[in-house]
Amino acid sequence: MSTRLAKQGRLIDRSKQITFKFNGTTMRGFEGDTLASALMANDQMMMGRSFKYHRPRGVVASGAEEPNALVGLGEGARFEPNQRATTTELFEGLTSISQNHWPNLEFDVGAVNTALARFLPAGFYYKMFIHPQPFWKHVYEPIIRHSAGLGKAPDKETKDADTYEHFYAFADVLVVGGGVAGLQAAKAAAQSGAKVLLVEQTSHWGGRAPVDGGTIDGLAPDAWVEQTLTELKATDNVTIRTRTMGSGVYDHGYALAYERLTDHTPGAPGPRHRLWRIRAKQIVTATGAIERPLSFAGNDVPGVMLASAMRDYVVNWGVTPGQRVIVATNNDDAYRTAISLKKAGVDVLRVIDARTSGGGALADEARSLGIRVDPGKAIAKVKGGKRVKKVAICNQDGIGGAREEVACDAIAMSGGWSPVVHLWSHCGGKLIWDDALAHFRPDPARPPLGADGNGFVVPAGAANGPVSLGDVLADAQTAGEAAANAAGFTPKTADAPKGVSELELPLEPVWLMPANADMPLRMKAWLDFQNDVKVSDVQLAAREGYESVEHTKRYTTLGMATDQGKLSNINGLATLANALGEDIPQVGTTTFRPPYTPISMGSIGGEARGEVFQPIRKTPVHEWNDANGADWEPVGHWRRPYAYVRPGEGVHDAVNREVKNARENLGLLDASTLGKIIVKGPDAGKFLDMMYTNMMSNLKPGKCRYGLMCSENGFLIDDGVVARMDDDTWLCHTTTGGAERIHGHMEEWMQTEWWDWNVYVANVTEQYAQIAVVGPNARKVLEKLGGMDVSDAAIPFMGWADGKIGDFDCRMFRISFSGELSCEIAVPASQGLAFWEALIEAGKEFGVMPYGTEALHILRAEKGFIMIGDETDGTIIPQDLGLNWAISKKKEDFLGKRAQQRSHMTDRNRWKLVGLETVDGSVLPDGAYAAGEGVNANGQRNVIGRVTSTYYSANLDRGIAMGLVLHGPDRMGEVIEFPGTDGKIYKAKIVDPVFYDKEGKKQNV
Amino acid sequence: MKHYSAFAVAREALRYHTGWERAWRSPEPKKRYDVIIVGAGGHGLATAYYLGKNYGIQNVAIIEKGWLGGGNTGRNTTIIRSNYLQDPSAAIYEKARSLYEGLSQDLNYNVMFSPRGVMMLAQTQHEIRGYQRTAHANALQGVKTEWITPERVKELVPIINLDGPRYPVLGALWQERGGTARHDAVAWGYARACSAMGMDIIQQCEVTGVRSENGHVVGVDTTKGAIDCDKLGMVVAGHSGQLAEMAGFRLPLEGIALQALVSEPIKPCMDVVVMANTVHGYMSQSDKGEMVIGGGTDGFNNYTQRGSFHHAEETVRALVETFPMISRLKMLRQWGGIVDMTGDRSPLISKTPLGGCFINGGWGTGGFKAIPGSGWGMAQLMATGHSPLTEAFSLDRFKEGRFIDESVAAGVAH
Amino acid sequence: MLTLHCPYCGVNADETELDAGGEAHIKRHGPGSDDNQFHDYLFTRENPKGVHLERWRHAAGCGKWFHAARCTATLEVFGTYPAQVYEPPQDIKDAISAKRPGWSWREFE
Amino acid sequence: MSDPVSAPVSAMNHASYVGIARVEETGLQGMITLRGDLSSATLGKAIKAATGQGVPDVRRVAVDGDSGACWMSPDELLLLVPYAEVEAKLAALNETLKGEHALAVNVSDARAVFRVSNGPAREVMAKLAPVDLSPGAFEPGEIRRTRLAQVAGAIWMEEDGAFRVICFRSVADYVFKLLSVAAQPGSEVGVF
């Protein structure tokens, strides 16, 4: 059984007991425990089930590389699936559940897959479930999906109880990893004066060294770490963070660091996670190395664990996974585990060393402690289901025969170490294969390249290959100095601290145990514990021609689990290489992608949720609108009232009321969102003549003109009224969506094409609240408020003037988008609300009503005015809309002119704008197409037109519409058919698009 | 070719699966082929497959500089739909979708086509109009789509937040027979079928030059030597520009990075594909349980197969708002691909200025869903010189100003 | 995630402050140009895998358009310069030559 | 006494929030966008007259109370003047600039101004802007036009370490909430 040891545990505080829950059972641990160590202390070795076969899974590692011990953490609005028990700090009241089983962890129906394993090899689903066709979607897939998936999905209505934030940080040197290498590299870099940011993913410093032992400058690693930390903390140009994982390296020195602020103190004030967006001149990756499992039959049984992890649990947390342990290894380092266990009072039955030579100094020390060492031996098979019961031992060179069985309850395995090269590789750093140490390490000749074309990532310590404490520290010193130097600082070259550790003999690569294990054994030798990928699966992939490492990965799902292959990739590659008879470097690796370990979606979104998910742009009248029944419509980032709905009224009743009232009495429109752009300068007229299809240079001061803008590709992009202010100043109105776009459009042409023209542009859209006073009573209400002369004589239609209305300084435009007598009045935004309220108050006796965007649409449609975004969709040229009158014939050039000369643009078969009237007065469906005769070569029904706008007109009490129709203007009076998606056929007559006041009398009074 | 079936798997199990043969051969190139397809991605392999199946042209080589299916075929978010607005798009995507329906049986390889339904949310009045227009167009194009209410949206997608503080869900365009498929399996299935027809799939072989005589292609130079051919099909997605340059012409294309990401796997919680274009995000759940999320494109030329992080960030932000329950899920992996964008964001399937040389590219962000239709049409074009499916996608449309613009109905091309 | 030096305000701008504007030094063809010229002006792009000259706007900064010389295969930046020129300045050409000897881009080298 | 109906009101009407730092909208501020040749002597004279300040160098501000000049781009300045005097100052400015190619417009009501003070203001801002705001990298007298989360803004530091933040009026509410979230209790970063 796994238990807490009487002594040991450098990271736990035995005086502070913590109570937590696992699968409903209350358990106890200590402050400083991880969930994994605490579970083991409570003899909970089995922590989950595997992905494919639902096999029992126990913790195998002690850190970020853990593939098995994944739990559902927390409850309700704080529930989080797939949380690694090995990186979860224990806290009072923690609740956790194991995953991927039904009905429970101990008894899981899905485990039947284990029995069927032989029938479910890699890629089996590509070969099965093919017939009958509908069964995939309705039978096979649902079963596969339910047995797959890992953690429980949060409740569908869950709203995260926590907040998140981002932080922009800039450093000369970013050091990732707070082990002795990271600490030393940071120190070395900082001594040059460089600004250093050092991040460590766990809550404690020092990494493996304090567990592995040895001395640094004569000090125990713990003491040295303390001392170095104190120095770094005292250094102004160094910033250090724990619980902050360097998660990704991107181009131009951009790096992400994932800080977990309150995961260990849920509910504490402040954000839960902070995602650091770092720009670093140089990045040092002191990310250490990860131990490799050994591939032997039954290496996935709970109780089989990485040797280093077992050592961590004993030394850091004072827990042992078993009482009678066997160590299997191909290197010397694993002997440290045997020794630690023995010293902690755990019975170490023997060390099975695949090397015939046996081990070195560490092996001797083990022997001197009375541990039996068996050189040249291997584990043939582990027996036991939910827990290791015994092992069968055989010779390493063989197929696994002649076995000796030994009863035990835990196995420590070590297949050597692989440097953590993820961050080095994210941005294109390449790797080389080190034969001596049998691992891939960063190739110093091919680093990831930064903006200046030089490398910007420097690996340090074990992440760069070195193994012994001395080499690691020396490499870290060099790396720190190199990074500082590359960042433009002059490093103080100092000697690295002297690290002393036992001399280790070279490892012997062992990719399969025993070397020639037969098929039954290979089918039980796991490579990827979570995804259930075995040696036999990789061999099958190779046999079937999935030879590329990417093919094998995807075919077998090797390395695609939540640990992204941290434990399985190298063993898998080696297995593939052997199967193909190639060398490992020839086979190569799969691509390393961010993040290093998974990061929360919440942290990626940062602060952008709820009210600040996206900006909402508000006009000065916004709050009034909100308080007066506005049914909001998002227009770009603006919110505009679709209609002002009164109590007990439906939205459409409101619209009809507003439409009638604007024609009969007095309507107010908050038009503040319309773009207002000042164009000034000696060449402003010339410039506007290029921007607009029509002539603007000859507009008289005091006058307004409706203008069209096209893209260089010929298509209509915006329209609006242009007013000439004085000799060299124009004011251009744009659509609501157009203000920023058109301002940018003008700046672009000004800066990049006609930069020698003397023109300045300013976007003054938000300086003004602009209110349209519309209807027969428009003039009355303005006269009542008093001020400027608003008579037709003073300000004729399409004229403008500055003046005062009541106390308000304003600019008045006699323009109309409704066909009614209409003044658009601009006042300073800070007085906008006051002005609006004054109009509402004074307008009462004239039947004033505010109207929204839908009424605006209907009023303009009744007049046959086009609307950008309705009649246009990015494929429409002015000629399609019968707007030729607004295209200057005199001008040699304007944006879009040349484009409009292309054959398809001048094609007489382009659909043209017409009005459409349903025969029965009903409303045409929006977006309906007019069906023509027959079908095209692809069997699609031929079409001859479509509806662009369609409304119920309360003023005409019938449906009105505009549309684009083939030869439309030549077919007045013809009736065409629009099949609706409701199955009905709508018949409509082609008519003139102006439905109301054709002579335009009403606007011009 | 050994037939795949549950029975075959059971039989092989008895001998520990040692009896399976290679899914495709890896031959050395011959001196000459009737047709050479450059690019062993989905589109290239499908083109070769239908050349053989529909036109009996089987003396074909598919040349791949890397490993087959290793480009955008193996990097995309596997969405399949045909609810496009413009006739030419709807025609080719619906052809593709209908071929996907029976592809597993046709190829005897389970590509896991899952017609789980694709939903495009309308979150503004403008989007409502756009999608209603699309629905009307689809009805006449023979594409089955429908407009559904917010209530129905919630039924189909229980995890959705209907009235987010920013954009309420006002309805959706729903294509019930849209869905997803296993992207690798599509490439592998076509490859296996091509190989079985005797076609040569030559991986790890890069084209270094295109040889022509008096205006007609006669072969290609490769890292495995010169190979002759009568007809050449360029189907290389992100690298179309480079290949066209070798053939002596230029294309209206630009290569940019597109990103995607997946969450850790969780138990099934979303059975359909949801696209939210107003906030620029789309998401589906894979059979493995991962939430598969599409990111945005960069605005600049980029051949690194890495995108800029802020695009992934914008997408995740939008989806957390749309599906609040994913906030505490974790991003497992993000990646990028190179997509080639044309002037109107619609593909090129066309003859080229070089006789006997054909191009299939410019699929931008939406190529996977088109693979079978694209291969079908491209094969017809190469074999007969004309295909109604591909006619509108010819190169000359840009000169004439005859664009195929799908963005008009607020539809994105994912 | 690019950072580009804005030659106007001297800021090393984060990509999120910038708008990309596509290929640089494109000559406008208006009325009077033939179909091919106009087609190439609007649609044909260098799209190189390597040295590229392109337009950027410091949109969330000083609002100015500038040009960047950049490698699309490595994202290495050779330099940035104001947009009001018809060809890259000599110092930019030299900077590119130093890193990519024998480079050429359209009519420039 | 009650204001006349037409009394101007700033976008957030002096709203404030106190978390790890104090966030407040500072109310009405006269602002003039001036575009022209910044090297022109006439222009310099006009600016001196309007603000009492000279033409600021690239990315510099010269501000004293509610008067000053801020560099916006090579051909644009933002002039700060007392709100009540903006029209008069504008008129004087245009008078002086007659004959020069320049553009001066009143944008007082098109903007909102915030102050972030009393606390780790640098950290609050560094959560929102992709700018190095660490001491030494960013100091009083420098102005930075940048991105505040999803909108454009301009920021500069005052002598006491407080930040001035200017954004468009329509997003004032968004920026206020943004700054408040960034200043939420318990969110100290502790690096500056």
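Computation of the quantities below employed the complete heavy-atom set of this structure, encompassing side-chain atoms and omitting hydrogens, waters and symmetry-equivalent molecules. Letters A, B, ... mirror the listed sequences (proteins, then strands); counts begin at 1. Since the model is a prediction, treat every value here as computed from it, not as a measurement.
Between the side chain of Asp184(B) and the backbone N or O of Tyr555(A), no donor-acceptor pair lies under 3.5 Å.
In this structure, a donor-acceptor pair under 3.5 Å is absent between the side chains of Arg941(A) and Gln141(B). Looking at Thr562(A) and Glu264(B), their side chains never bring a donor and an acceptor atom within 3.5 Å of each other. Ser327(B) and Arg609(A) form a side-chain donor-acceptor contact under 3.5 Å, judged by distance and modelled atom types alone. Between the side chains of Asn108(B) and Lys127(A), no donor N or O sits under 3.5 Å from an acceptor N or O. Under 3.5 Å, the side chains of Arg182(B) and Tyr126(A) contain a donor-acceptor pair of N or O atoms. Between the side chains of Arg145(A) and Gln285(B), at least one donor N or O lies within less than 3.5 Å of an accepting N or O. Side-chain contact check for Tyr929(A) and Arg133(B): at least one donor-acceptor pair (N or O, by modelled atom type) lies under 3.5 Å.
Ring geometry for His551(A) versus Trp188(B): interplanar angle over 60°, hence perpendicular rather than tilted (30 to 60°). His131(A) and His3(B) have parallel rings, their planes meeting at less than 30° on a 0 to 90° scale where 60° marks the start of perpendicular.
Tyr109(B) contributes atom OH, which lies 9.5 Å from atom CD1 of Ile130(A) (distance to the nearest 0.5 angstrom).
In this structure, no portion of Leu70(A) lies under 4.5 Å from any heavy atom of chain B. With a 4.5 angstrom heavy-atom cutoff, Val947(A) does not touch chain B via any of its atoms.
A cation-pi contact links Lys288(B) to Phe51(A), judged by a cut-off of 6.0 Å to the six-membered ring centre and 45° from its axis.
Note on Glu313(B) versus Arg277(A): salt bridge recorded, some NZ/NE/NH1/NH2 to OD/OE distance being below 4.0 Å.
Among the candidates Gly289(B), Pro158(B), Ala139(B), the residue making the largest number of heavy-atom pairs closer than 4.5 Å to chain A is Pro158(B).
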